[in-house]
Q: 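A single structure is presented below for examination.
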Amino acid sequence: SAFRKVFSRRRVLAGAALALGGLWTYDTLWMHERFNRSCRSVYAAAYTLYQYKYVLDRHPEQLNEVNDRVAEIWFNTCCKNGGLYIKLGQGIATMNHVLPPEYLNRFSNLWDKAPSVGFDEVRKVIETDFGRPLEEVYSEFDPEPVASASVAQVHRARLADGTPVAVKIQKPAIEAQMAWDLGIYRGLVYAFEKLFDLPLYWTVDYTCKHLEMEANFFLEAVNTVQAKSDLERYLSDVYVPRIYPDVLSRHVVTMEWIDGIKISEPEALQAAGFNVRDVIYKMVEAFSHQIFVSGFVHVDPHPGNVLARKRDGRTEIVVLDHGLCVRESETFRVEYCRLWRAMLLMDIATLKDVCESWGIKDYELFASIQLFRPFRKNMQAVHLEKFVPHEAAKAQIRAKARIKMMLEHTARIPKELLLIGRCMNIMRFNNKRMGTVVNRIAVMAEKASEGLRFARSNTLLGGGHGGLLSLWDRAVYRVNLWLLSMVFQLTQAKAYASQLLGYSGVGFEEMMEKNALGVARSKLGLG
């Protein structure tokens, strides 16, 4: 009868609801929300596809509204999921030279959104790893964290002899969630590659490998020792806190306590007597040294990982959190130095040679991406045209074809570029956030020149210079750096004068971003 059919249907629905409720409760209480977090991610991805593949195709004039809706759902997903999703959101926050303002308006608030875990859970991690009560490991331990990031949080403590230390403790859910999170990440990237017909999946293995390594604090300790040796050997104003190996485990790392000020706090730096430009210069110099000279690179230099302090009357920067690092191959390091040297010297033959060896055909676009400023062999200025939203569909087709051509040989592209690019982008973000006080490009170019002198094998450098720049090349290189410095000084002076007169001034980083965007649009057919 009809009554029995309705009753049966309701029983099925009630049973399904009860089962879903039970699954949700089990996942929340005992499985660290692995299933729930994955569902949120898949839903956000599906919503993104719907907005960009369906809504925008039919209503291209709604581009800004679509961007805002997609940014909102991913921001909420990152905040609710926490863990690696916080790191994802923080990465998005630094992409202000690429992503639409709707994304940046939301994700710029994510730096302080990483939740901390309670002291009971912290105690459990320490006692499980060391096999004894917390009080036997540390004589004092502050139950309130001084900082909380995506993977871990930091507490102040003292060793048995009274030495003040910083204790970094991995959040208990991270290891359980990571396999699921990275599995979802792989699936989403694969789906996006197929749906948008773009080469994306080639980046996955390398990225996942390094994210997994970040969760092993034994590896972080090794990275810290390596970074300390590399940086302090050559840069007297850079310091890396020492590790205490007797109080180290897979989920707990104990290091020297350092009193300092985050480089993202200009008012506090100035109040303490720091020269902000000096602080940012030393930050850029340190990470550029790693990229071009030492070849062992900390690729997560966000504002919370770099402090400034006074030591013996001089400014010193302190680099923290060496969980996410990249060890460059010597071949890549030297080739990357050659690339930067060629860009500054306008050595088109070398530039094309390096790019072609990496399977990159469009060397002008690639050079522009590296510099965040226009690069053209004829040195002509880029013509910026307004991007009209209703032309989005045609523009996307042109852009897709150009990007596919650029990434045609992904097997040959050095995987180091993926995370080195992240490091360079965060450096740019730090500099811009502080008012573009440093000519970042010039500092990096200097380090690239220095990096060539550190080459272990002259055969990697090519040419007949025996691994050294010729006198003429050196002179041209210096002239180009001088001209770049003049452009920087004039741009900054113009921005400062405009602000004094009540106008909106455009700094050096902003100018490079605008011009680089113009290059991209021109090269991709978006202009």
Side-chain angles (χ1 to χ4, degrees), residues 87-88 91-92 94-95 97-99 185 189 193 198-214 223 284 287-302 324-344 350-373 375 402-429 440-441 444-445 447-448 451-452 455 460-462 512-513 516 519-520 523-524:
K87 188 175 290 292
L88 167 67
I92 291 174
T94 67
M95 302 292 286
H97 60 299
V98 175
L99 294 175
Y185 169 71
V189 172
E193 176 177 83
L198 283 172
L200 299 172
Y201 198 77
W202 66 279
T203 67
V204 164
D205 287 342
Y206 187 82
T207 303
C208 289
K209 171 188 171 184
H210 281 81
L211 289 174
E212 288 171 342
M213 290 168 64
E214 188 179 11
N223 291 344
V284 174
F287 292 104
S288 299
H289 175 88
Q290 289 190 316
I291 292 170
F292 296 106
V293 182
S294 76
F296 185 76
V297 190
H298 182 310
V299 293
D300 196 20
H302 67 73
L324 192 57
C325 292
V326 167
R327 189 179 300 276
E328 300 171 341
S329 69
E330 179 66 2
T331 300
F332 170 81
R333 187 190 70 78
V334 174
E335 290 292 274
Y336 202 49
C337 289
R338 289 183 66 213
L339 180 84
W340 273 74
R341 169 196 169 194
M343 290 189 295
L344 265 290
T350 299
L351 181 59
K352 290 178 69 174
D353 177 61
V354 173
C355 288
E356 287 176 2
S357 71
W358 291 349
I360 297 170
K361 294 184 177 180
D362 197 333
Y363 67 89
E364 287 185 1
L365 177 57
F366 183 73
S368 298
I369 292 171
Q370 299 304 302
L371 292 169
F372 292 107
R373 72 183 182 113
F375 182 93
R402 200 64 187 257
I403 292 172
K404 286 180 67 175
M405 183 183 74
M406 180 179 175
L407 299 177
E408 184 177 355
H409 303 289
T410 56
R412 291 162 56 188
I413 298 176
K415 302 301 187 293
E416 293 99 324
L417 284 172
L418 297 172
L419 293 179
I420 297 301
R422 170 190 170 84
C423 176
M424 293 173 64
N425 183 51
I426 297 177
M427 277 198 291
R428 177 202 59 78
F429 172 80
R440 176 179 53 85
I441 298 298
M444 296 180 74
K447 283 297 176 180
L452 289 176
L460 291 171
L461 295 177
M512 289 196 296
E513 288 170 12
V519 172
K523 297 292 288 180
L524 296 175

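Starting from 1, each residue takes its place in the sequence as its number.
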Q: Report the relative orientation of the aromatic rings in Phe332 and Trp358; use parallel for angles under 30°, tilted for 30 to 60°, perpendicular for over 60°.
A: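 It falls in the parallel class, under 30°.
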
Q: Drop me the distance from Asp300's CG to Arg422's CZ, to the nearest 0.5 angstrom.
A: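 One gets 4.5 Å once the value is rounded to the nearest 0.5 Å.
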
Q: Which value, rounded to the nearest 0.5 Å, describes the distance between Arg333 atom CZ and Glu416 atom CD?
A: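 Between atom CZ of Arg333 and atom CD of Glu416 there are 12.0 Å.
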
Q: Test His210 against Leu418 for side chain to side chain contact (heavy atoms under 4.5 Å, CB included), laying out the working first.
A: CA-CA 11 Å; His210 281 81; Leu418 297 172; over 6 Å; no

Q: Using the side chain to side chain contact (heavy atoms under 4.5 Å, CB included) criterion, which residues pair with Arg412? Sequence neighbours excluded.
A: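 For Arg412, the residues satisfying side chain to side chain contact (heavy atoms under 4.5 Å, CB included) (neighbours in sequence not counted) are His409.
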
Q: Closest approach of Arg327 and Phe296, non-hydrogen atoms and distance?
A: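 It is NH2-CE1, 3.5 Å.
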
Q: To the nearest 0.5 Å, what is the distance between NZ (Lys415) and OG (Ser329)?
A: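 Lys415 NZ to Ser329 OG: 11.5 Å, rounded to 0.5 Å.
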
Q: Mind checking whether Cys337 and Val293 have side chains closer than 4.5 Å, heavy atoms only?
A: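 Of all side-chain heavy-atom pairs linking Val293 with Cys337, none is under 4.5 Å.
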
Q: If every non-hydrogen atom of Pro301 is compared with every non-hydrogen atom of Phe287, which pair is closest and at what distance?
A: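 For Pro301 and Phe287, the tightest heavy-atom pair comes out as CB-CZ, 3.3 Å.
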
Q: Find out whether Lys87 and Leu211 are in side-chain contact, i.e. whether some heavy atom of one side chain is under 4.5 Å from a heavy atom of the other.
A: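 The answer is yes, as the side chains (C-beta and beyond) meet within the 4.5 Å cut-off.
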
Q: Return the set of residues passing side chain to side chain contact (heavy atoms under 4.5 Å, CB included) with Lys352 (not counting sequence neighbours), or none when no residue passes.
A: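 Scan of Lys352 (side chain to side chain contact (heavy atoms under 4.5 Å, CB included), adjacent residues dropped) gives Ile348, Glu356, Tyr363.
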
Q: When rounded to the nearest 0.5 angstrom, what is the spacing between CG in Leu417 and CD1 in Ile360?
A: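 Spacing of CG (Leu417) from CD1 (Ile360) equals 6.0 Å.
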
Q: To the nearest 0.5 Å, what is the distance between OG1 (Thr207) and CG (Leu324)?
A: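 The OG1 atom of Thr207 sits 9.5 Å away from the CG atom of Leu324.
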
Q: State which residues pass side chain to side chain contact (heavy atoms under 4.5 Å, CB included) with Ser357; sequence neighbours excluded, sorted by chain then number.
A: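 Result, side chain to side chain contact (heavy atoms under 4.5 Å, CB included) vs Ser357: Glu335.
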
Q: For the residue pair Val297 and Gln290, what are the closest heavy atoms and their distance?
A: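 Looking at all heavy atoms of both residues, the shortest contact is CG2-O, 3.4 Å.
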
Q: For a quick test of reading the model, state the closest non-hydrogen atom pair linking Cys423 to Val299 and the distance between them.
A: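 Smallest interatomic distance, heavy atoms only, reads CB-CA, 3.8 Å.
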
Q: Can you find a heavy atom in the side chain of Met343 that is under 4.5 Å from one in the side chain of Trp340?
A: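 Met343 reaches Trp340 side chain to side chain.
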
Q: What is the minimum heavy-atom distance between Met444 and Ser288, and which atoms define it?
A: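 Shortest heavy-atom separation between Met444 and Ser288 comes out as CG-OG, 3.2 Å.
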
Q: Taking all non-hydrogen atoms of both residues, which atom of Ile413 and which atom of Trp202 are closest, and how far apart?
A: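 The answer is CG2-CH2, 3.8 Å.
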
Q: Measuring from atom CD1 of Ile420 to atom CD of Glu328, what distance do you get when rounded to the nearest 0.5 angstrom?
A: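 Here the rounded value is 4.5 Å.
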
Q: With a 4.5 Å heavy-atom cut-off, do Leu452 and Arg341 have their side chains touching?
A: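 The answer is yes, as the side chains (C-beta and beyond) meet within the 4.5 Å cut-off.
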
